[in-house]
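FYI, side chains are in, hydrogens and waters are out, and symmetry mates aren't considered; it's all heavy atoms of this structure. Within every chain, numbering begins at 1; the chains are lettered A, B, ... in the order of the sequence lines, protein sequences first and strands thereafter.
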Amino acid sequence: MFTEEKKEEKSLNFLEEIVEADLQSGKYTQIITRFPPEPNGYLHIGHASSICLNFGLTKKFPGYTNLRFDDTNPVTEDTEYVESIKNDIRWLGFEWEHELYASDYFDILYNFALTLITKGLAYVDDSTSDEIAALKGTPTEPGKNSPFRDRTVEENLVLFERMKNGEFPDGSLTLRAKIDMAHMNMLMRDPILYRIKHAHHHRTGNNWCIYPMYDFAHGQSDSIETVTHSICTLEFAPHRELYDWIIEKLEIYPSRQYEFARRNLNYTVTSKRKLLQLVQEGYVNGWDDPRMPTLSGMRRRGYTPESIRDFCDRIGVARRENMIDVGLLEFCVREDLNKKALRRMVVLDPLKVVITNFPEGVTEMCHSENNPEDIAAGVREIPFSREILIEKEDFMEIPAKKYFRLAPGKMVRLKGAYIIQCDDFVKNESGEITEVRCSFIENSKSGQDTTGINVKGTLHWVSAAHAAPVEIRLYDRLFSVEDVSSEELDFKEYLNPDSLHVITGYAEPALLDSNPGDSFQFLRKGYFAADAESTAEKPVFNRTVTLRDNWAKASESK
RNA sequence: UGGCCGAUGGUGUAAUGGUAACACAGGACAUUUUGGUUGUCUUAUUCAGGGUUCGAGUCCUUGUCGGCCAACCA
């Protein structure tokens, strides 16, 4: 018997095509990519895409990927971020070849600047920031030369050295490339290469008071590392001309830049500035708040690395603007957790049910599979007794059409236990149903049912006497509009007021056997992960995502 | 009135001059001791006009629409 391996050949994305062509033409025998975060914030779902792209390329083709921190702006950067970034990349499932820092190249970069000055391709400018802006021109008007543009090489060398030595205050002088103030590409109008910042750097301390700009650090860092394919987002496309110019004038290793469109998720913000604001102004409880689209937040929420990688894989990569439905991300995590998560019964909004024909004070053990998708996960014991708890929404005094849960006279299966029939119910003075009275059907116990009765509905339940109260945090999307950037008001105006509800749930005893980070499927309710701070004394579960719910969908549309 | 980059179902990605495919979302049915899962079916004159060609989503051209570019941020 032959089991034919019919692996559907997935077509290459445009970056893979470029790499494959470069490999086939013999331009390279191996490729080198890099993931270049600035350590000024936590990694988010958008970064995951870039990580999967860069590391994915060298997984598919010969070569390796470096982690390089783009730490050229000391005032916003911090080692806290360095650590979280490394942790998140590893959690996602990737390992870099070398851990590198642009700041390691400050000496080399300084010498590159000297080379440019010596070649008459860079000059020290005394202009203020406003003056530089004023002479820059606009996209439709050419700029004008700075009055300091024609200093001699010697003068520039001396001034640049004095800049480095700390003889000038912040913002007083800059080093600029001498290119063309009338260039169509604004970035080529004598871009600033170095600026003065008397600031403490997280790695170089107070060794430097001049720091290179992105354009004078990124391309050269790529070149120093002989990165073959430097992949970045579309907004850097105009920088490519400058990237190439610097490499050409410095006559260094010609790394090449390729751009892809950043991935946008609806109902989500991934701007570092906005995320920082949410954290600093207390709209969320830190970078790892489970509502945050940060990798640390998603981890705490219960997202698995596999599901995030699968998501990145499914959305692909291209060069056009996009808005991806967050529902796809939810689909990915459901699909992964469906295979892995152990099932447990937890009642979130309890209603007491008394089984009137079941003896008082007796506990009977029932059994249920831990995961119907995975027989190897085994079965567990669940105590059953005279008083149980079910969800309020699982009983209706006057059942709606096609409602096949509990209602007067109706029968339902209690998952893993007996079929019960509703005989009566009790209301309080305000008309609220406080108790449902049922009788269980003899010989209908799960696994040994000889009654032949076919019921439409199966409910999750928990024995009242054995129920363990657990804190449950119900999360919903953080924003109530698809795209805050296309709305008129400040993005915080669109925060979803219902993004978090904390309730007490009543769990079957088996749930208590869990550790922080463990994921479970609460039957019929969704996937939940034990919070990082969950303890045996105070168990806390975060809802990762609800289950698909066709009944809720159908009732909504009515 | 500038330059650069884009445009394929509701969404995302394919089709590399030769039958518009896959996934998600939506809809229908079946299965089910989770209204979960699973299975089947279903949803597009490829932004518009013109051109090249036996043949165009793909090449050329014009237009329209969208994004990006004037931080001592990355």
Legend entry - A/Lys553 side chain near B/G26 phosphate (N/O to OP1/OP2, under 4.0 Å): yes
Legend entry - Short side-chain N/O contact from A/Arg263 to OP1 or OP2 of B/U13, under 4.0 Å: yes
Legend entry - A/Tyr81 to A/Thr76 - nearest heavy-atom pair and separation: CE1-O, 4.2 Å
Legend entry - Touch class at under 4.0 angstrom, heavy-atom based, for A/Ile315 against every strand present: sugar-phosphate
Legend entry - Closest to the A/Ser129 side chain, choosing from B/U37, B/C72, B/C69: B/C72
Legend entry - Side-chain H-bond candidate by donor/acceptor type, A/Ser444 with A/Asp449, under 3.5 Å: no
Inset, instruction - Under 4.0 Å between any heavy atoms, over every strand shown, what does A/Tyr194 touch: base, sugar-phosphate, or nothing? Just pick one. - result: nothing
Inset, instruction - State, to 0.1 Å, how close A/Ile210 and A/Met163 come at their nearest heavy-atom pair, and which atoms those are. - result: CG2-O, 3.6 Å
Legend entry - Side-chain donor/acceptor contact of A/Ser446 with base of B/U33 under 3.5 Å: yes
Legend entry - Under 4.0 angstrom between A/Thr458 side-chain N/O and B/U32 OP1 or OP2: no
Inset, instruction - Is it possible for you to check whether A/Lys410 lies under 6.0 Å from the centre of the six-membered ring of A/Phe404, through NZ or CZ, and within 45° of that ring's axis? - result: no
Legend entry - For B/U1, the Watson-Crick or wobble partner whose two distances fall under 3.5 Å: none
Inset, instruction - Tell me whether the OP1 or OP2 atom of B/G36 has a side-chain N or O from A/Lys525 closer than 4.0 Å. - result: no
Inset, instruction - Classify the nucleic acid contact of A/Glu38 as base, sugar-phosphate or nothing, counting any heavy atom under 4.0 Å across all strands shown. - result: sugar-phosphate
Inset, instruction - Could you let me know what B/A28 is paired to, Watson-Crick or G-U wobble, both distances under 3.5 Å, or none if it's on its own? - result: B/U40
Legend entry - Shortest side-chain distance from A/Ile324, nucleotide among B/G12, B/A74, B/A70: B/G12
Inset, instruction - Please report, rounded to the nearest Å, how far the P atom of B/C4 is from the OH atom of A/Tyr258. - result: 20 Å
Inset, instruction - May I ask you to say what A/Lys415 touches in the nucleic acid, namely base, sugar-phosphate or nothing, with a heavy-atom cut-off under 4.0 Å? - result: base
Legend entry - Side chain of A/Tyr403 (C-beta onward), nearest among B/G35, B/U33, B/U34: B/G35
Inset, instruction - Output the single nucleotide from B/G35, B/G36, B/G3 whose closest atom is nearest the side chain of A/Met184. - result: B/G3
Legend entry - Options B/G35, B/G67, B/A15, nucleotide nearest the side-chain atoms of A/Asp549: B/G35
Legend entry - Quiz item: A/Arg524 side-chain donor-acceptor pair to B/U34 base, under 3.5 Å: no
Legend entry - Closest listed nucleotide, where the reference is the side chain of A/Ala318 and the choices are B/U37, B/A14, B/G35: B/A14
Inset, instruction - Report yes or no: is there a donor-acceptor pair, N or O only, under 3.5 Å between the side chain of A/Arg548 and the base of B/U37? - result: no
Inset, instruction - Return the nearest nucleotide to the side chain of A/Arg413; candidates are B/A74, B/U11, B/U33. - result: B/U33
Inset, instruction - Would you mind telling me which of A/His183, A/Arg149, A/Lys136 makes a side-chain hydrogen bond (donor to acceptor under 3.5 Å, both in side chains) with A/Asp190? - result: A/Arg149
Inset, instruction - Side chain of A/Arg319 only, please: which of B/G35, B/G6, B/G12 is the nearest? - result: B/G6
Legend entry - Per A/Pro372 side chain, nearest of listed nucleotides B/A74, B/U34, B/A71: B/U34
Legend entry - Touch class at under 4.0 angstrom, heavy-atom based, for A/Phe404 against every strand present: base
Inset, instruction - Considering just the side-chain nitrogens and oxygens of A/Arg320, establish if one lies under 4.0 Å of OP1 or OP2 belonging to B/U13. - result: yes
Legend entry - From B/U11, B/A15, B/A70, nucleotide with atom closest to A/Ser11 side chain: B/A15
Inset, instruction - Kindly say if A/Asn40 contacts the phosphate of B/C73, meaning a side-chain N or O under 4.0 Å from OP1 or OP2. - result: no
Legend entry - Face-to-face contact A/Tyr214 to B/A74 six-ring, under 5.5 Å, under 30°: no
Inset, instruction - Output yes when at least one side-chain N/O atom of A/Arg343 is less than 4.0 Å from OP1 or OP2 of B/U37, else no. - result: no
Inset, instruction - Check every strand shown and say whether A/Thr128 touches a base, only sugar-phosphate, or nothing at a heavy-atom separation below 4.0 Å. - result: base
Legend entry - A/Arg176 to A/Tyr123, cation-pi by 6.0 Å centre distance and 45° axis angle: no
Legend entry - Pair A/Phe522 and A/Phe541, ring centroids less than 6.0 Å apart: yes
Inset, instruction - Have a look at A/Gly457 and say if it touches a base, only the backbone sugar-phosphate, or nothing, with a 4.0 Å heavy-atom cut-off. - result: nothing
Legend entry - Check: B/G6 base within 3.5 Å donor-acceptor of A/Glu259 side chain: no
Inset, instruction - Can you tell me the pairing partner of B/A7 across any strand shown, Watson-Crick or G-U wobble, with both distances under 3.5 angstrom? - result: B/U64
Inset, instruction - Measure from CG on A/Leu173 to P on B/C72 and round the result to the nearest Å. - result: 14 Å
